[in-house]
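Note sheet for the following structure.
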Amino acid sequence: MNHREITVSEDLNKRVDEALADWRAPFADKAHSWERIQMRIAAQDHPVVHTRSRRFRYAAVAIGLVLIASVLFLFQNGDSMYSTQMAEIQVLTLPDGSEVTLNAATELRFDEADFLEERTLELDGEAFFQVEKGSRFSVVTDQGTISVLGTSFNVCDRGDFLEVICSTGKVRVDDGRQSFVLTPGQSVDNLAGRLTQGTADTDAAPWIRGVFRFEDRPLGHVMEEMERQFGVTITTEDVGERFFTGEFESADLESALTVICRPLGLDYTISDNGQIRVTNR
């Protein structure tokens, strides 16, 4: 071995000795020394665990602050949202004293902080409004806007279907292309692909009493309403394009199915798990 190799070897040994200085056991007992080494290893590993724990805690705190800020933002902006589930009806009193009855599977949203000035709501579903007199009162739906001053009326906005029935007072319906002013006993709907005015019973919301009336309505619309009122799932097979005129009550499912299916020449079966299948006879 030449001088250079000896120098490198000695230098390497020196560095190893310095690096392991803290690990050398000052005791001759090997078992005791090994135990001390293990304790040191555990002591060095321990802070890493704490560091990770602190990181998790910081992340949790940050997420919590974001959630709190979001809630405060909503409250500061006065946004209110009310919704009903399947087979549920809810009655609300608005800040101006107007009353709204929400049908099943319906959402109503409005800015509570500015409501007395704006009197504007967003509706997705069906609701009956009894509006106190005052400034303009507007119900905004995906299919159009309904505006009144003081009156009572029913709005049904389901998917691409819109129907408005005036019970008292006057109601303006505007879908951006057409505009109608309704008086008691008048209605508009867009079943024909555009708003069309017609007549209706001034009892604009019999569904509040559990009675559901339809005038030449597609069978699919009727079945969807049954699903909402009874909380069931209905499938149809080979029934073609059919329209229903009549009414059913939400008190009894089988009676309602019979009222709809019999005049249309349809049969129905109810499985053990509550699934309903409607077929052609």
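At least one side-chain heavy atom of Phe128 sits under 4.5 Å from a side-chain heavy atom of Ser167. Looking only at side-chain heavy atoms (C-beta outward), Val155 and Val173 stay at 4.5 Å or farther from each other. Thr236 places none of its side-chain heavy atoms less than 4.5 Å from the side chain of Leu266. Taking 4.5 Å as the limit, some side-chain heavy atom of Val131 sits within range of a side-chain heavy atom of Phe153. Under the 4.5 Å side-chain criterion, counting only non-hydrogen atoms from C-beta, Thr196 is in contact with Arg194. Taking the side chain as every heavy atom from C-beta outward, Phe161 and Leu191 approach each other to under 4.5 Å. No side-chain heavy atom of Val140 sits under 4.5 Å from any side-chain heavy atom of Leu121. Counting heavy atoms from C-beta outward, Arg242 and Val222 have side chains that stay 4.5 Å or more apart.
Cluster membership for Phe180 and Leu123, using ILVMFWY side-chain heavy atoms within less than 4.5 angstrom, is shared. Side-chain heavy atoms closer than 4.5 Å link hydrophobic residues (I, L, V, M, F, W, Y) into clusters, and following such links, even through other members, never connects Ile146 to Leu149. In the hydrophobic clustering of ILVMFWY residues, with side-chain heavy atoms under 4.5 Å counting as a link, Val100 and Ile89 come out apart. The cluster map of Ile, Leu, Val, Met, Phe, Trp and Tyr, joined by side-chain heavy atoms under 4.5 Å apart, puts Val278 and Phe212 in the same cluster. Taken together through direct or relayed side-chain contacts under 4.5 Å among Ile, Leu, Val, Met, Phe, Trp and Tyr, Val211 and Val259 form parts of separate hydrophobic clusters.
In this structure, Glu117 contributes its side chain and Asp114 its backbone to no donor-acceptor pair below 3.5 Å. Without hydrogens or angle criteria, Asp175 side chain to Gln178 main chain gives a donor-acceptor distance under 3.5 Å. With hydrogens and angles ignored, the 3.5 Å screen pairs no side-chain donor or acceptor of Thr245 with any backbone N or O of Glu215. Not a single donor-acceptor pair under 3.5 Å links the side chain of Thr202 to the backbone N or O of Gly185. Side chain of Thr106 to backbone of Ala104: a donor-acceptor contact under 3.5 angstrom is found. Of the possible polar contacts, none joining the Arg136 side chain to the Ser147 backbone as a donor-acceptor pair under 3.5 Å is found. Under the 3.5 Å distance criterion, the side-chain polar atoms of Asp79 are left unmatched by any main-chain donor or acceptor of Arg109. Between the side chain of Asp124 and the backbone N or O of Glu107 there is no donor-acceptor pair closer than 3.5 Å.
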Exercise for review: Go through Arg209 and Asp203 one step at a time and tell me if the side-chain contact (heavy atoms from CB on, under 4.5 Å) criterion holds.
Suggested key: CA-CA 11 Å; Arg209 306 187 309 276; Asp203 181 10; 3.0 Å; yes
Exercise for review: For Val139 and Asp157, run side-chain contact (heavy atoms from CB on, under 4.5 Å): C-alpha distance rounded to whole Å, both residues' side-chain angles, the deciding distance at 0.1 Å, then the answer.
Suggested key: CA-CA 11 Å; Val139 180; Asp157 177 66; over 6 Å; no
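Checked against the 6.0 Å centroid threshold, Phe214 and His221 do not count as a close aromatic pair.
Going from atom CG of Asp111 over to atom CD of Glu118 covers 8.0 Å, rounded to the nearest 0.5 Å. In this structure, the separation between CD on Glu112 and CG on Leu116 is 9.0 Å, given to the nearest 0.5 Å. Note: Ile234 CD1 to Met226 CE = 4.5 Å, rounded to the nearest 0.5 Å. In this structure, Arg262 CZ and Arg281 CZ are separated by 7.5 Å, a value rounded to the nearest 0.5 Å. Expressed to the nearest 0.5 Å, how far CD of Glu227 lies from OG1 of Thr233 amounts to 5.5 Å. The CZ atom of Arg228 lies 13.0 Å from the CE atom of Met223; values are rounded to the nearest 0.5 Å.
Shown are Val188, Ile165, Val148; of these, the side-chain contact (heavy atoms from CB on, under 4.5 Å) with Leu182 is made only by Val188. Considering Thr101, Asn103, Asn154 in turn, Asn154 is the only one that fulfils the side chain to side chain donor-acceptor pair (under 3.5 Å) rule with Trp207. Each of Glu254, Arg277, Gln275 was compared with Ile270 under the side-chain contact (heavy atoms from CB on, under 4.5 Å) criterion, and only Glu254 meets it.
Between Arg158 and Cys156, the shortest heavy-atom contact is CG-SG, 3.6 Å. For the pair Cys261 and Tyr268, the tightest heavy-atom approach, listed with the atom from each and the gap, is SG-CD2, 4.2 Å. The nearest pair of heavy atoms linking Ser179 to Arg172 is OG-NH1, 3.1 Å. For the pair Ser250 and Gln229, the tightest heavy-atom approach, listed with the atom from each and the gap, is CB-CB, 4.4 Å. Nearest heavy-atom pair across Arg177 and Gly193 is NH2-O, 4.1 Å. Residues Gln143 and Gly159 come closest through the heavy atom pair NE2-O, 3.1 Å.
The 12-atom threshold is exceeded at CG of Asp216, counting heavy atoms of other residues, nucleotides or ligands nearer than 6.0 Å. Residue Asn273 qualifies as enclosed at atom CG: its count of foreign heavy atoms under 6.0 Å is above 12.
Taking the charged nitrogens against the carboxylate oxygens, Arg217 and Asp189 have no contact shorter than 4.0 Å, which rules out a salt bridge.
Taking the six-membered ring for Trp and thresholds of 30 and 60 degrees, Phe137 and Phe129 have ring planes more than 60 degrees apart, a perpendicular arrangement.
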